[in-house]
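What follows is a short report on a single structure.
A, B, ... follow the sequence lines: proteins, then strands. Residue 1 opens every chain. All values reported here derive from a predicted model rather than from experimental measurement.
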Amino acid sequence: MPGTPDKDTGSIPPLDFIRTIVATDLVNQKHDGRVATRFPPEPNGYLHIGHAKSICLNFGVAADYRGTCNVRFDDTNPAKEDVEYVNAIQNDIRWLGFDWGKHLHYASDYFERLYGYAVRLIERGKAYVDDLSAEQIREYRGTLIAPGRESSYRDRSVEENLDLFARMRAGEFPDGSKVLRAKIDMTSGNMNMRDPTLYRIRRATHHRTGNQWCVYPMYDFTHALSDSIEQITHSLCTLEFEDHRPLYDWVLTETEVTCHPQQIEFARLNLSYTVLSKRQLLVLIEKGLVFGWDDPRMPTLVGMRRRGLPPKAIRTFCDRIGMAKRKNVVDVAVLEHAVREELNQTSPRVMAVLRPLKVVIQNYPEEKIEEVDLVNNPENPDAGTRKVPFSRVLYLERDDFSEDPPKKFFRLAPGREVRLRGAYFITCVDVVKDGQGEIVELRCTYDPTTRGGSSPDGRRVKATLHWVSVEQALTAQVRLYDRLFVDEHPGENRNFLEAINPSSLEVINTCRVEPSVASMAPGDRCQFERLGYFCVDPDSSDGQLVFNRTVSLRDVWAKIARTMKASG
RNA sequence: UGGGGCGUCGCCAAGCGGUAAGGCGCGGGCCUUUGGAGCCCGUAUUCGAAGGUUCGAAUCCUUCCGCCCCAGCCA
């Protein structure tokens, strides 16, 4: 329950403005002590991290105040909607960690009742059938600064309207020839109140109601009444619907329904280096810049799932970014931080070499193979230990060796001693190059007294490197992802494609991983020590493991190197 | 003089008349068999601006400035 002191600090976490309203309503018995929210997606696309904010809000408020949260598909536009999306959306919500129980609804289930409410509006003289064309309606609507004019059909009798509306439903008129409009105020400063369309004629096959209807209700009418039908108490939506609130209230007042939920608007999420508009995401797919909705670089929930982000991290992220009405662009680093925080606690550690450099330990016996013990997760003793084979010929990370080490580089270099994680101290004694001067192999010696990674004489080394035994290593494909855009605010530019990061994906086919990963299955996560968090991609097959890098580890050396480069 | 919103640290965000929470980021230190993690310290004398009210203002009043949304038979 929010408003209770934090276990550790004793401080009381502040309520966001929405929870403040809900808590106040509860105290005042505004909805007889009930809290009911809903998440109302239109099944015309995949859910993304912005939707996650809304899902966490709606389910979170319900959970905090012992209420309920419905999932309701706002499926009033058959031309754009599809079952593919209704299934995907349900999967995503469940994956995120929320359970709607029995509360799964469709606006289309209310079509008959909605039609009845429209009839009631007509009977009360609050709606009329208009024969104006779409273009004429637009003309008549006026502009932002000039009032609109009333349609010549606005004063039809109740009887005529009733008859016409029934015949609209019966299919007597062609698509687009007539609409049902609310009779409100053509001079309103709020464009939404200038006799908004309530119903349009549209012969399209609906994914649930088939060809049962040829008239479909519009959003404003449907949404308000669906909320009312479901006894919603707080209808939470994004800021662009603020202008619609007077219409939301008008619909509920004029249909004389008893349940009148309160609409409250909050600012939608924006993420740096990311686009979140459906339109722009679609462009990325259509142009082939990503492989689909579930491309691990996409900010969709399916994409993030494939990338390996834990749902818990997304929930933590949503809790942290707060809830307010001001326009915001949350730094994607906040998300990455939540992901690392979660993965650090939960991911077993494994050694993998992305760019192998062969190393021969000259004083290590030719045929000998040892099994060294390694801790699976230093954050979690219960995760236990495992055995990893060590032998004379190993792979190290190319980046972990420098023939001419720059300042502050304290990994392996000629004559330098470092530790191989969990194994031995080694010293580089020779560098082998090919005809092009390319380093192809390192010759090292090891100190047999340092087994396990510490020296009896107490001497220290500055670096601990990951490694893999050549003989036992498995080969894997690793896909490294970087942000999709180089511009911090790509969505602001209509030419957002210019800001595409050309190297958002790097595929490495020659990675070598320790043999223990053989048992990993698609979706499984691990940390490649010193590199980052990875998960097994569904593209993996028996012979070939494919890993996605979820996120890299924080890399202090990379930052130092960048700074040194920048300052010459 | 169209309507509706919003302006508190680089990015989020508390604050609701009693003298600027927290997170991310950034900088420094400790610790470390991951340059990971963890721990510690620092990071807005000032709240878009200017006036006013008050013993006291980010909070109240006035004016001004800036930004966002709205003219689908989309949601």
Side-chain angles (χ1 to χ4, degrees), chain A residues 9 11 13-16 20 40-42 44 74 76-77 79-81 130 132-134 137-139 141-148 175-181 187-194 196-202 216 218-220 222-223 237-246 265 267 272 278 319-338 340-341 344-345 349 351 374-375 378-379 408-411 419-423 425 452-454 460-466 488 527-532 552-560:
Chain A
T9 62
S11 64
L15 297 183
D16 59 65
T20 303
E42 184 190 12
N44 70 343
D74 230 326
T76 58
N77 189 357
K80 292 187 174 176
E81 297 154 8
D130 197 347
L132 254 32
S133 68
I137 286 179
R138 195 183 326 120
E139 276 172 45
R141 188 155 31 228
T143 69
L144 292 178
I145 51 167
D175 286 10
S177 60
K178 285 177 170 44
V179 291
L180 183 73
R181 290 230 260 170
T187 67
S188 173
N190 181 345
M191 300 298 280
N192 298 118
M193 300 299 271
R194 320 243 263 226
T197 300
L198 265 22
Y199 270 86
R200 73 283 215 192
I201 304 172
R202 183 97 99 221
Y216 289 95
M218 298 286 288
Y219 165 83
D220 290 292
T222 308
H223 199 258
C237 62
T238 45
L239 248 30
E240 63 271 28
F241 292 101
E242 219 152 14
D243 287 345
H244 294 241
R245 194 180 343 124
E265 310 84 10
S272 62
K278 231 171 242 176
D319 285 344
R320 276 190 194 149
I321 56 176
M323 189 59 64
K325 298 191 72 159
R326 66 182 85 97
K327 183 188 174 187
N328 64 81
V329 182
V330 175
D331 193 332
V332 71
V334 180
L335 210 213
E336 291 170 354
H337 182 265
R340 289 191 183 104
E341 185 177 65
N344 177 46
Q345 295 300 320
R349 267 100 242 228
M351 289 199 288
L374 279 160
V375 168
E379 303 296 323
K408 293 183 181 172
F409 180 94
F410 43 81
R411 276 112 96 141
R419 170 170 37 235
L420 297 185
R421 178 114 227 227
F425 285 10
S454 56
R460 331 260 300 176
V461 289
K462 293 198 78 175
T464 300
L465 308 185
H466 59 276
E488 197 173 345
Q527 181 195 98
F528 287 169
E529 290 222 32
R530 303 210 305 130
L531 296 173
S552 67
L553 252 28
R554 274 188 64 218
D555 189 346
V556 171
W557 166 243
K559 194 175 296 181
I560 294 170

| message | I'd like to know if Glu242(A) reaches the base of G3(B) with its side chain, counting only an N/O donor and acceptor under 3.5 Å. | response | no

| So which one's nearest nucleotide on RNA chain B is more toward 5', Ala146(A) or Arg320(A)? | Ala146(A)

| request: Give the nucleotide from the list U34(B), A13(B), G72(B) with an atom nearest to the side chain of Leu553(A). | output: U34(B)

| request: Rounded to the nearest angstrom, tell me the gap between atom CG in Leu15(A) and atom P in A14(B). | output: 11 Å

| request: Measure across Ala267(A) and Asn328(A) and return the closest heavy-atom pair with its distance rounded to 0.1 Å. | output: CB-ND2, 3.7 Å

| message | Under 4.0 Å, heavy atoms only, any strand: does Glu265(A) hit a base, just the sugar-phosphate, or nothing? | response | nothing

| salt_bridge(Lys325(A), Glu242(A)) N-O dist < 4.0 Å | yes

| message | Can you measure Asn192(A) atom CG to G3(B) atom P for me and round it to whole angstrom units? | response | 15 Å

| said: Checking understanding here: a glycosidic angle within 90° of 0 is syn, the rest anti, so what is G72(B)? | reply: syn

| For the student: nearest non-hydrogen atoms of Leu132(A) and Arg181(A), plus distance | CD2-NH2, 4.3 Å

| Tell me: CG of Leu465(A) to C1' of U32(B), nearest whole Å? | 15 Å

| request: Tell me whether the OP1 or OP2 atom of G35(B) has a side-chain N or O from Arg554(A) closer than 4.0 Å. | output: no

| Out of G72(B), C74(B), U34(B), which has the shortest distance to the side chain of Arg141(A)? | G72(B)

| Nearest-Å distance once atom P is located in both C67(B) and U54(B) | 35 Å

| said: Please confirm whether the shortest side-chain N or O distance from Lys327(A) to OP1 or OP2 of C12(B) is below 4.0 Å. | reply: no

| query | Can you check the Leu420(A) CG to U34(B) C1' distance for me, whole Å? | reply | 13 Å

| message | Within the 3.5 Å criterion, strictly below it, is a donor on Thr464(A) or Arg421(A) matched to an acceptor on the partner's side chain? | response | no

| said: Taking the minimum atom-to-atom distance to the side chain of Thr464(A), which one of C24(B), G35(B), A75(B) wins? | reply: G35(B)

| query | Can you tell me the Watson-Crick or wobble partner of U59(B), both distances under 3.5 angstrom? | reply | none

| Can you check whether Arg326(A) has a side-chain N or O nearer than 4.0 Å to OP1 or OP2 of G7(B)? | yes

| said: For G7(B), give the paired nucleotide (Watson-Crick: N1-N3 plus N6-O4 or O6-N4; G-U: N1-O2 and O6-N3; both under 3.5 Å), or none. | reply: C65(B)

| query | Whole-Å distance between A75(B) P and Tyr199(A) OH? | reply | 12 Å

| task | Report yes if a side-chain nitrogen or oxygen of Arg245(A) is closer than 4.0 Å to either non-bridging phosphate oxygen (OP1 or OP2) of G4(B); otherwise report no. | result | no

| Expressed as a whole number of Å, how far does the C1' atom of G35(B) sit from that of G29(B)? | 15 Å

| field | Pair assignment for G38(B), Watson-Crick or G-U wobble, requiring both distances under 3.5 Å | value | C30(B)

| remark: Re C16(B): Watson-Crick or G-U wobble partner, both distances kept under 3.5 Å, found to be none

| field | Closest heavy-atom pair and its distance - Gln527(A), Arg530(A) | value | OE1-N, 4.2 Å

| Within the structure shown, what part of the strands sits under 4.0 Å from Met193(A) by heavy-atom distance: base, sugar-phosphate, or nothing? | nothing

| note | Taken to the nearest whole Å, CG/Asp243(A) to C1'/C69(B) is 6 Å

| task | Could you grab the distance from atom CZ of Arg460(A) to atom OG of Ser454(A), nearest 0.5 Å is fine? | result | 10.5 Å

| query | How would you label the contact of Ala324(A) with the nucleic acid (heavy atoms, under 4.0 Å): base, sugar-phosphate, or nothing? | reply | sugar-phosphate

| said: Counting the atoms with a prime plus P, OP1 and OP2 as sugar-phosphate, which does Lys178(A) contact under 4.0 Å by heavy atoms, base, sugar-phosphate, or nothing? | reply: nothing

| Think His337(A) has a side-chain N or O under 4.0 angstrom from the OP1 or OP2 of C24(B)? | yes

| said: Tell me whether the side-chain N or O atoms of Arg411(A) pair up with the base of G35(B) as donor and acceptor below 3.5 Å, since no angle test is needed here. | reply: yes

| To the nearest Å, how far apart are Met218(A) CE and A75(B) C1'? | 9 Å

| query | What is the nucleic acid contact for His244(A), judged by heavy atoms within less than 4.0 Å: base, sugar-phosphate only, or nothing? | reply | base

| C73(B), G35(B), C70(B): which one has an atom nearest the side-chain heavy atoms of Met191(A)? | C70(B)

| said: Is Ser188(A) close enough to G3(B) that one of its side-chain N or O atoms is under 4.0 Å from OP1 or OP2 there? | reply: no

| request: Name the nucleic acid region contacted by Arg138(A), choosing base, sugar-phosphate or nothing; use a 4.0 angstrom heavy-atom cut-off, strictly under. | output: sugar-phosphate

| note | Side-chain contact check for Phe409(A): nearest option of A71(B), G35(B), U34(B) is G35(B)

| query | Taking OP1 and OP2 of G3(B), is either one under 4.0 Å from a side-chain nitrogen or oxygen of Arg194(A)? | reply | no

| Asp331(A) side chain, from C-beta outward: closest of G10(B), C26(B), A75(B) | G10(B)

| task | Please evaluate the base of G4(B) for a donor-acceptor partner in the side chain of Asn190(A) within a cut-off of under 3.5 Å? | result | no

| field | Pairing partner of G25(B) (Watson-Crick or G-U wobble, both distances under 3.5 Å) | value | U43(B)

| field | Criterion side chain to side chain contact (heavy atoms under 4.5 Å, CB included) on Lys408(A) and Trp557(A), from CA distance to verdict | value | CA-CA 8 Å; Lys408(A) 293 183 181 172; Trp557(A) 166 243; 4.2 Å; yes

| field | For atom CG of Asp74(A) and atom P of C74(B), their distance in whole Å | value | 14 Å

| task | Among C24(B), G35(B), C73(B), find the nucleotide with the atom closest to the side chain of Phe410(A). | result | G35(B)

| query | With both distances under 3.5 angstrom, what nucleotide forms a Watson-Crick or G-U wobble pair with G72(B)? | reply | none

| Rounded to the nearest 0.5 Å, how far does CZ of Arg202(A) lie from OG1 of Thr76(A)? | 9.5 Å

| said: Looking only at the side chain of Arg349(A) (C-beta and beyond, no hydrogens), which of the listed nucleotides C74(B), C12(B), G36(B) gets closest? | reply: G36(B)

| remark: The residue, Arg421(A) or Leu132(A), whose nearest nucleotide of RNA chain B is more 5′ is Arg421(A)

| remark: Leu144(A) has its side chain closest, among C12(B), G35(B), A71(B), to A71(B)

